[in-house]
Structure formats: C-alpha cells, structure tokens
Protein chains: 2
Amino acid sequence: MKGLENKNFIPNLSFDCVIFGFNGKLLKILILEYQNTGVYALPGGFIEIDQSIDDAAKQGVKERTGLDNVYLDQFYIFGNVDRADPGHMKRILTANNDNTEENSWMLERFNTVGYYALINYEEVTPTPDEYSDSIGWYAIDELPKLMMDHNNIVEKALQVLRSNLSEKLIGMNLLPSKFTMKQLQMVFEAVLDQKLRRTTFQRKMLSLDILERHEKLFQGKAHKAPYQYSFK
Amino acid sequence: MKGLENKNFIPNLSFDCVIFGFNGKLLKILILEYQNTGVYALPGGFIEIDQSIDDAAKQGVKERTGLDNVYLDQFYIFGNVDRADPGHMKRILTANNDNTEENSWMLERFNTVGYYALINYEEVTPTPDEYSDSIGWYAIDELPKLMMDHNNIVEKALQVLRSNLSEKLIGMNLLPSKFTMKQLQMVFEAVLDQKLRRTTFQRKMLSLDILERHEKLFQGKAHKAPYQYSFK
DNA sequence: ATCTATTGTCTCATTTTATGACAATAATTC
DNA sequence: GAATTATTGTCATAAAATGAGACAATAGAT
C-alpha cells in the first residue's frame, strides 16, 4: 500500500492535525477527502518507531502544506476506546484496493495525539495524502461531517487556540510577517468569534511592546494608509 | 509478574500521574521508590486494550491514593524517542526477579500520557504499587532525581497547573470541602509561588460568586474567627 | 480644491485592582 | 470583667486598565 506497509510504526497510536489558516476574513482549516468514499478527515498519520511524535506531526504538516517551521502545538490525546471506527477505515482501504489482511492493524483501536498548527494561508500549497484525492480549506463554521471523532478534535483545538491566543499572543502566526493593525484585529475577531473595539485593541497591542512599526502600506484606497507591523 | 503479564496492554503507551496535595503550607506530590533500586518515579501504569486512557489514569490514582472522584486532567503526551530508559527498567525488573524475556516489552520505547491530579491531602492513604516499596509526599522544590524524564513531566504539570489555577479555579480541589479564606489563599500562594495581597484576594474570590459561606471556625486562637467556605 | 473612508491618537467615563485604614471579635491576661 | 493581642471582614481612597467616543490626519477619488 504505497509504502505504508513497509514502515515500522508505533502500534495503536496516530496523530491528527488541525491546520488553521486565515484568508483575511475567515478562520479556516485544512480537510482531506478520501478517494471514492465521501469521507472527510483531518490530516494525520502514524509515528515511526524511531521518530518522536512531534517530528511525525511536523513532517505531516510539511507534507500537506509544503511549510517548514510552522507554529505547532500538541494539545490533547484522544484515548477513548469507542473512538475507533473500523467501518470507515475499511471503506477507505477497500476503495484503495488494499490487502486488508496485511493492513488489518489499521482497523484496531487507535489513540490519537491532537496537534494544531497556525500557518500563513498565502504560503500554503495544499497537497493531498496518498489515500485522499482532495484537500481543501473549510471555514470553521462550515465544516462537513468528519470521520470518527475528528469534529470533536477540531472543537477542542478551537478551545485551546482561543485560550492561548491572548495569553501567548500567537495570532501573528496566521499572518504574513508584516501586517496592519486591522489585519491583526481581524485575526483575533475570527478566532475569538467576537467583535473587538478598534481603539482599545490598538492601544492594548501597542502597549504590550511586542510590535515593531514599519513603513506604511499604500493600498490605493481613498483614505489614510495604515502602518505595517511585525512581531518583535 | 504479579498479574501484569496476564493483561493485554496497549503497546508502547503508558501514563504517569503528578498527584498534587497541599499540607496546609507546601505543595507536594506523591513519589514512588522502586524496591532495592534507589530509583524514584511518578505513579503510573499501562492501558488495557479495552480501557480508555482516562479510565486507566483514574484507576491508577485510585490505587495509589484510595480516592475516587479526583480532579484529574490530562495535560500532555511525552513522545520523544530518547525518553525511554531500558537500563532503569531492567534494574527494576531484575530487582523483582522477573522473567525479563516475558517482560521485554517493558524495555521498548514508550510514549507516556501525563496527568495531574489535585487531591485533599488529608484524605489520602498513600499505597505503593507492586514494584515499589515506598510512596511518599515530596515538596515540589525538594524532589529527588526521578527516573527517565519524570522531573520534566512534573515541571510541565506545574506550568499547566499554574495557568489553570486562576482561570479554571481548581484550587479548592486541594482543600477539604470546607476551608477558610486564608487556607484558600495559601493554596494559591503555594501553587503560584508568590505572595498575594490578602484584601485583594478576598474581594476577588467573593466577587466571583463561587463560594458559599458557612459557620465560623473557632480555632481557639485569641482573635476573630474566620468564616468557612465551600465551593458552590 | 473638495470629498470619502480609514487610521492614529487623545479625552473622559467607567470598571477593576492596589494599598492602607479600621472596626469587629475570639481567646488570653490581668 | 476590662484591657490586650492577633486576625478577620469590610470600607475608603489611589492607581491602573478598559470602554466609548471625538477628532484631526491623510491617500486617493471626484
């Protein structure tokens, strides 16, 4: 099966990534569709026996997005017995004409380590994996029904992201290296799913002393041009 | 080996618990010493094939403390390749005259799921596990050198506990069901490792509207008796 | 030159937190 | 039983953070 069966994986353990991107308006995540199945899923994979879980996830994100050096945070391990769903897996395998004998290990119970990544939407080249024929961005409030407990994983990732956003100020990982105050505010609003006050937000961000101010950005619009900022 | 070899465990996966207690002054955790080895470790164990990871951890905490319904939070999975330490494990097994053939799976690489528990110090009956001959409380700033990466696990648990303490107000899990404002403050001070202002703390706690006030506690001291509170 | 929409900054009101003051009080001492 | 001691509960005021709006500056369109 395209290389998978040759590798030596840690049994019963996988990882799944909630890869967040921001298109300027909406918070989105990358979703795979498995070939000929109508099954949607988070990008994920298995961990080789001589590979750290973090490295496996890092590699997975790189393969799906083409990006290195991504903000990547392990946020939970999903270890319920009933999260396994051999039915779905079997459909994916048979749709791929796989020897289900040899790959029966994929039908067993799996615990999965959840990661979330924050990436610059514009830099990404979404790339399907060997089982899937499509990968695409979905706004977080327009997700399809995902396989197994993946919708639950997304929900938990969002919770953690929201509580980390202000505290750890990780929002800028969703933006290009230079951005305007308005863009930064829109990221916060999209993640927190609430409107923020422009003046208060601006004062707060500036007072934190974490931003460097650069030249103005002339957008060709009939109004004052905003400064650009970067993370110090 | 006392039952372990008969069970069907998920391979390469374990859990470890940082069990926090508060003795009225210091924040402490429960540490095991393995028989005849001088090796100290966190309480932990393996996950049966038909058992959720949460349930395995819950059961582990119950066996070491005698307590049910404990505040228990999974906070991280430690998945570095180099965290395995076959040397230590082998010493523990041979010290127990175990058939190292049959238990060689315990020498493989393990990923471990970290949990932290908050318990009422006074209710606990610390009980060693089948490999260890002692279990005891250690103040968090006087921990011995622990096996493998367990000191690192404790450090991470402390970080997470600190950031959750105020946000989720989990401090009362370290106290008896009724406690004084001073006791509550001392828990916060011990966990956060910083002095807090009495009046500010009291006003804040009362304003949160999460405490129920009960009868006063007469301690036989020559001063005004404090009210007792419980979590609403 | 005038107009439009957005930006950066300021002001004042409101809320929250810091810091100290003070009266209430449970037990001890005289 | 009155004075003493240590701690508690609450208030008063100062300082800091945030909310809410006003307004001048300005890049481009008209």
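- Ion pair K28(A)/E142(A) not flagged as a salt bridge, since none of the NZ, NE, NH1 or NH2 atoms sits closer than 4.0 Å to an Asp/Glu carboxylate oxygen.
- When rounded to the nearest whole Å, the span between CE of M181(B) and C1' of dT10(D) equals 12 Å.
- At whole-Å resolution of the value, CZ in R203(A) and P in dA17(D) are 10 Å apart.
- Per the geometry, NZ belonging to K204(A) stands 16 Å off P belonging to dA20(D), to the nearest Å.
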Review point. Tell me, for nucleotides 25-30 of chain C in 5' to 3' order, what letter each nucleotide earns: B for a base near a protein heavy atom under 4.0 Å, S for only sugar-phosphate near one, - for neither?
Key: BBB---

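- Going from atom CG of L217(B) over to atom P of dT8(D) covers 10 Å, rounded to whole Å.
- In this entry the distance linking CD of Q202(B) with C1' of dC11(D) reads 12 Å, nearest Å.
- Under the ring pair (Phe, Tyr, Trp, His ring centres under 6.0 Å) test applied with Y121(B), the options F22(B), F20(B), W137(B) reduce to a single match, W137(B).
- Between L206(A) atom CG and dC10(C) atom C1' the separation is 14 Å, expressed in whole Å.
- A donor-acceptor contact closer than 3.5 angstrom links the side chains of Q185(B) and E189(B).
- Judged by distance alone, the side chains of Q59(A) and Q51(A) do bring a donor and an acceptor atom under 3.5 Å apart.
- The closest side-chain donor-acceptor pair between N164(A) and Y116(A) falls under 3.5 angstrom.
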Practice item. Given salt bridge (charged side-chain N to carboxylate O under 4.0 Å, His left out), test K232(A) with D209(A) step by step and report yes or no. Key: CA-CA 8 Å; K232(A) 251 184 193 172; D209(A) 203 38; 3.1 Å; yes

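- At whole-Å resolution of the value, CE in M205(A) and C1' in dT9(C) are 18 Å apart.
- Of the N and O atoms on the side chains of S14(B) and T112(B), at least one donor lies less than 3.5 Å from an acceptor on the other residue.
- Note that R213(A) lies outside the cation-pi zone of Y229(A), set by a 6.0 Å cut-off to the ring centre and a 45° limit from the axis.
- In this entry the distance linking CG of L211(A) with P of dG8(C) reads 12 Å, nearest Å.
- Classified by interplanar angle (parallel below 30°, tilted 30° to 60°, perpendicular above 60°), the ring pair F46(A)/F110(A) is tilted.
- At a non-hydrogen distance threshold of 4.0 Å, R198(A), T199(A) from residues 185-201 of chain A come into contact with DNA chain C.
- For the OP1/OP2 pair of dT7(D) and a distance below 4.0 Å, the side-chain nitrogens and oxygens of K182(B) include no atom meeting the criterion.
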